[in-house]
2 protein chains.
Amino acid sequence: MTDFAWYGLSVLPKQRQDQIVRALRADGAGGVKALAAQLGVSEATIRRDLESLHEQGRLTRVYGGALAVDGGDEPFAEVSAVRTDEKDRVARKAAELIEDGESILLDIGTTALQLAKQLHGRSVTVVTSNLAVLEELQNDEQIELIILGGFVRRSYRSLVGYLTEESLRQLHVNTLFLGTSGVRPDGRVMDSTMIEVPVKRAMIQAADRVVLLADASKFPGHGVAKVCEPGELTMVVTEPDADEATRAQLAEAGVQVVLA
Amino acid sequence: MTDFAWYGLSVLPKQRQDQIVRALRADGAGGVKALAAQLGVSEATIRRDLESLHEQGRLTRVYGGALAVDGGDEPFAEVSAVRTDEKDRVARKAAELIEDGESILLDIGTTALQLAKQLHGRSVTVVTSNLAVLEELQNDEQIELIILGGFVRRSYRSLVGYLTEESLRQLHVNTLFLGTSGVRPDGRVMDSTMIEVPVKRAMIQAADRVVLLADASKFPGHGVAKVCEPGELTMVVTEPDADEATRAQLAEAGVQVVLA
DNA sequence: AAAGAAATGAGTGAATATGACGGACTTTGC
DNA sequence: GCAAAGTCCGTCATATTCACTCATTTCTTT
């Protein structure tokens, strides 16, 4: 146990247990593995915490994790087990592209959140307007976290507006990981909401590399607003069963297409 | 008693214990090691202080340190009970100062969080760098919520840095509700950490009215860094048993002193 | 000035917290 | 059903914190 200098500086046991209860209230449920990563302790410690909290009646212990006490009876299948679903594979592949010490910018949406979950314990600087990412990485001491300002958009758990754009003009990062509602057959990246587009454009301006994260369902896809031309992308991470014609179109525009 | 003991080198036990309580209210929790370093005494002394304060009910002793009495998530039984604790009274009084439709800026710290809890269902615009406030108001559809950008400061659950200051320059609000580590006898507002001071100053610049929230334990109080002169405040909300001399000093500087 | 009281810091064995490991158990996919 | 994967629950070694004692310093009282 070499890294125990953390102990004194880090959270107190009781404090961490409060954080567990808070996290469960936010999400409704939490897996042992996820909580361990989020709070930066071992799974054994999380199990002990969950047992203690269960005895106190502050949560309900279930196989694989715990549920919030008042959080209803939703199936636990979703938080439990491995669930190697598409977005997860893409996110894992994307995480491999990041070197320790780098700074990255995470777009809004669940794809970027999946990527954030892969970053626990890594020494990286994360910049984001994604409130779900904030919650996920809030307690990870290893990660330098920077939040862009902006108006809270509850339905998307994101920050938008001129404040967000202005914040982006003050920063520069190595890599942007961009989400999308769909990539059109001609390779143009689209989004479903107009309001996010200026923010995404500002993000592109603030990064050296632009990596688009898009599972197969986004190829080809639609959207009301154009975010950028394919030429502005450095790389696209997607899946083997993504539409080939669109992939070829992207490759032609000089974009490196990586399959997860 | 030697008069010079007051001037910095040595601190009276009672004074130090007040500082501990204040430090906990600011952070929510504190480790024995951290408190010992911060106050310049041995861990043994801190433990004795914590035990004494715990018996007085001024904090909750936990393994490794202590928690603020109202900090974190306590058992539900206590939450539902009648709570007329100091910060709550101050927060309620402060909430009465806000008109529907106004925009307000909330400082970091638990005092501002208490105020945020009073705002549920109100039609107000809330601007903040306080991550605890974000969590509290995140799901309240009625409230327009704006987050300032910045570096995440985990121990204080706040955002700091030039991004935060820059964000503040883009905004203007009706009222700022400011927290503090203590108000000196001459009325100057102090803070315990240097790094927050530029942000607090920028907040003052961004508001028409500046309201200081300070329970009785902050009167008089100390801090390493000066945030502002009393003349920069519009109003102070505190309690009837706050030090009268300090209150008089504030009134003389043209500050309206409101008792909760 | 001297004696007494209170506070402090250091040291020690006991108690608590943590992480790793292995065998028993549960869930999942076939 | 069965096998595989994942999860749990003991146990142990180690690091940290605690309660206690005692000597020293500091403050108060006589």
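Proteins get letters first, then strands, A, B, ... in listed order; numbering begins at 1 in each.
- Taking the side chain of A:R61 as heavy atoms from C-beta on, and the options D:dT17, D:dC8, C:dA17, the nearest nucleotide is D:dC8.
- Look at CD1 on B:I46: it is 9 Å from P on C:dG9, rounded to the nearest Å.
- Separating the CG atom of A:L50 from the C1' atom of C:dT18 is a distance of 15 Å, rounded to the nearest angstrom.
- Using a 4.0 Å cut-off between charged nitrogen and carboxylate oxygen, A:R58 and A:D18 count as a salt-bridge pair.
- Nearest heavy-atom pair across B:L35 and B:A23 is CD2-CB, 4.4 Å.
- At whole-Å resolution of the value, CD in B:E43 and P in C:dG11 are 13 Å apart.
- Applying the 4.0 Å criterion to OP1 and OP2 of C:dT18, one finds that A:R16 has a side-chain N or O inside that range.
- Remark: C1' of C:dA17 and CD of A:Q17 are 11 Å apart, rounded to the nearest angstrom.
- Here C:dT8 presents its P atom at 11 Å from CG of B:L39, a figure rounded to the nearest Å.
- Per the geometry, CG belonging to B:D49 stands 10 Å off P belonging to C:dG9, to the nearest Å.
- The side chain of B:Y63 approaches D:dT17 more closely than any other nucleotide in the set D:dT17, C:dG19, D:dT7.
- Using a 4.0 Å cut-off, some side-chain N or O of A:T45 falls inside it from OP1 or OP2 of C:dG19.
- With salt bridges taken as basic N to acidic carboxylate O contacts below 4.0 Å, one links B:R47 and B:E43.
- For the pair B:K14 NZ and C:dA7 P, the interatomic distance rounds to 13 Å; values are reported in whole Å.
- Each of A:L178, A:L213, A:L113 was scored for a side-chain contact (heavy atoms from CB on, under 4.5 Å) with A:D107, with one residue passing: A:L178.
- Between A:K93 and A:E96, at least one side-chain N (NZ, or NE/NH1/NH2) sits under 4.0 Å from a carboxylate O, which counts as a salt bridge.
- If you check the side chains of A:Q17 and A:D49, you find a donor sitting under 3.5 Å from an acceptor.
- Under 4.0 angstrom from either OP1 or OP2 of D:dT16 there lies no side-chain N or O belonging to B:K33.
- Rounded to 10 degrees, the angle separating the terminal helix axes of the helix from C:dA1-D:dT30 to C:dC30-D:dG1, each built from five base pairs, is 40°.
- Put simply, CZ on A:R48 is 11 Å from C1' on D:dC12, counting in whole angstrom units.
- Closest contact between the side chain of A:R47 and the listed nucleotides D:dC8, C:dT18, C:dG19 involves D:dC8.
- For the pair A:R157 and A:E135, the minimum side-chain heavy-atom distance is below 4.5 Å.
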